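Here's the structure we're looking at; comments come further down.
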Amino acid sequence: MKKTLYDILSVEADATPEQIRAAYQRATSELDNEGQHDPNKKVILREAFELLLHPQKRASYDARLTRQKSLQAQAITNQDKQAVAAPVANPSKPKNWFAPVILGALLLAAVATWWSVKQKEERNKLRDNPVVSEVMPVPATINLPAPTPQAITISANTEAGKTAEEIYALRSPSIALISVFSPTGVQVAIGSGVMIEPQVLITNCHVTRSGVQYKAKIGQELLTATVIMADEEFDLCRLSVPGSTAPAVELGSTDNLRIGHKVFAIGAPQGLDLTISDGIVSSLRTLASGKVIQTTAPISPGSSGGGLFDNAGKLVGIMTFQHRLGQNLNFAVPADWIRTMSSRRATNQSVGALTMSSIDGNSSNRSDNNQQASSAQQANAKVLGNWLCYGVLTGYSMDIFFNKNAQMTGTMNGKKFAGNYYFDGKSLTLSGGGSFSGVVEELSDYKMVINAGKAARLVCNKK
């Protein structure tokens, strides 16, 4: 009997989806460890995995296997019956072979004589009544197509593509929930990430810049992660995750995307377990840094850094930001940028600068001065107190206390200072021993992010 798909994955016929998924990951890892191998092996493994993971397809396949086994069993039974019914020659009685040979020779001679007479009659008819016929020319050689392999083949570019269930089963093992912590161990942010290489995650820099310590939860693994490259121009950061066994995804390209194509977003919104949402490519927007993907696939805080996949399961984008003033205005930076990353700070027109405000439309053009004054007073109240600040990329540190009389005291890079401060709800200026000025990108009761320009940010946590 030929190998079944269960034999290919080395699982039993009653294996659960979890056992099938584990067997597939184990088999592909073994192939990758072999170095050079027949690429068709990995294709056959993937196709066996995808078919057995689909309940309806698996049921149909199992029924076909049952019919094949039944037919084979019936054939073996018939052979056994024929063997029993066959007469057994008596070895003691000599065979009379001379008579059958003579009879066969006489029959052949009779057939040959009849054929000769028949051919002579046909020739006489053609001579008396000649007929002209049109004969289609026959080529000297005929090129037949090569036989199709019996392995199941699935085209990566079929119009229908994979279902959401298949995309989630295939790619969710490569998605991480990233937790960000301050130097004192306080969790200050969450986000998502995608495994693009063995033990290497990709996420947004606006996720990592909120803290200095990181944990990545991938499946059942909870591992320490470190930033190994920060490209704030693209708002993409690489994280090293030693010890991770999660599989890497296959990178796609926006060159193959068209408006209206189906896409799927997988991430950890609001820190929940992995979720999947679908939508379409609603536009391909050209910004200063390059082309970004606009999609209707819903995302929420915590989804930043998650993966956007096409209907073949290839990573085509990293979910990055939303437009605050619109519905279904979600944006992903293209996966193509992962291949050209370098250590860079954000410029004024880059994607990294846009994510600071999440493309906040024209909200800065409000004309209600009373509302602006009220907002500034609330912001001034939030800034009061003792803050511990640190620079994610620069190593800059500051321990500062703001009082209600617009005075400040503290240490900057270990040196004491005192003076005055001015905060209008948007910009914070320090004057005196510790001169400093920057834009407050984020301010809550417990967290403040200050940008002094050229991506020299301070992340502050209230003591």
Side-chain angles (χ1 to χ4, degrees), residues 161 164 167-168 171-172 174-178 189-194 196 202-210 232-237 249 251-338 346 349-363 441-442:
I167 294 290
Y168 184 83
R171 295 310 181 201
S172 61
S174 305
I175 306 298
L177 167 63
I178 300 174
I190 56 172
S192 304
V194 185
I196 56 168
I202 194 76
T203 188
N204 293 133
C205 289
H206 75 257
V207 172
T208 62
R209 72 184 178 212
S210 300
E232 293 198 341
E233 178 80 10
F234 288 163
D235 195 16
L236 290 175
C237 280
V249 303
L251 297 186
S253 173
T254 54
D255 292 341
N256 300 322
L257 281 185
R258 299 293 183 270
I259 294 175
H261 276 192
K262 188 85 168 179
V263 287
F264 303 86
I266 306 180
Q270 303 292 352
L272 302 174
D273 289 339
L274 299 185
T275 61
I276 184 171
S277 59
D278 64 349
I280 63 170
V281 175
S282 50
S283 184
L284 296 170
R285 303 287 184 184
T286 301
L287 302 180
S289 300
K291 187 183 297 182
V292 299
I293 306 166
Q294 179 182 332
T295 175
T296 61
I299 63 172
S300 301
S303 294
S304 291
L308 185 70
F309 300 92
D310 63 15
N311 65 0
K314 293 183 179 180
L315 181 70
V316 292
I318 300 297
M319 301 304 299
T320 302
F321 57 90
Q322 297 172 286
H323 196 303
R324 291 179 181 174
L325 303 180
Q327 288 185 325
N328 290 332
L329 296 179
N330 309 307
F331 295 84
V333 297
D336 308 70
W337 289 2
I338 297 174
Q349 300 298 322
S350 67
V351 171
L354 288 173
T355 56
M356 298 173 194
S357 59
S358 298
I359 309 187
D360 194 14
N362 296 319
S363 60
E441 298 177 348
E442 182 178 347

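Keep in mind it's a predicted model, so treat the numbers as computed, not measured.
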Taking all non-hydrogen atoms of both residues into account, name the closest pair between [X] and [Y] and its distance.
X    : Y    : result
L257 : L284 : O-CD1, 4.0 Å
S303 : M319 : O-CB, 3.9 Å
T208 : C237 : OG1-SG, 3.6 Å
N256 : R258 : C-NH1, 3.8 Å
P334 : T254 : CB-CG2, 3.5 Å
L315 : A335 : O-CB, 3.3 Å

Quick one: do F234 and V333 satisfy side chain to side chain contact (heavy atoms under 4.5 Å, CB included)? Show the steps, please. CA-CA 8 Å; F234 288 163; V333 297; 5.9 Å; no

Side-chain touch [X]/[Y], heavy atoms, less than 4.5 angstrom:
X    : Y    : value
I196 : I338 : yes
V263 : I280 : no
I167 : I266 : yes
K262 : D278 : yes
I318 : W337 : no

Rounded at 0.5 Å granularity, tell me how far CZ in F331 sits from OG in S283.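 That separation rounds to 7.5 Å.
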
Would you give the length of the straight line joining atom CD1 of I178 to atom OG1 of T203, rounded to the nearest 0.5 angstrom? 4.0 Å

[X] side-chain N/O to [Y] backbone N/O, donor-acceptor pair under 3.5 Å:
X    : Y    : result
R171 : V249 : no
S277 : P298 : yes
S192 : A268 : yes
N204 : H206 : no

If we count only N and O atoms by modelled type, under 3.5 Å, do the side chains of D336 and S253 hold a donor and an acceptor together?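 On atom types as modelled, these side chains qualify, holding a pair under 3.5 Å.
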
I175 and V194: side chain to side chain contact (heavy atoms under 4.5 Å, CB included), yes or no, with the steps? CA-CA 5 Å; I175 306 298; V194 185; 3.9 Å; yes

Take V281 and V316 through the test side chain to side chain contact (heavy atoms under 4.5 Å, CB included) and record every step on the way to the result. CA-CA 11 Å; V281 175; V316 292; over 6 Å; no

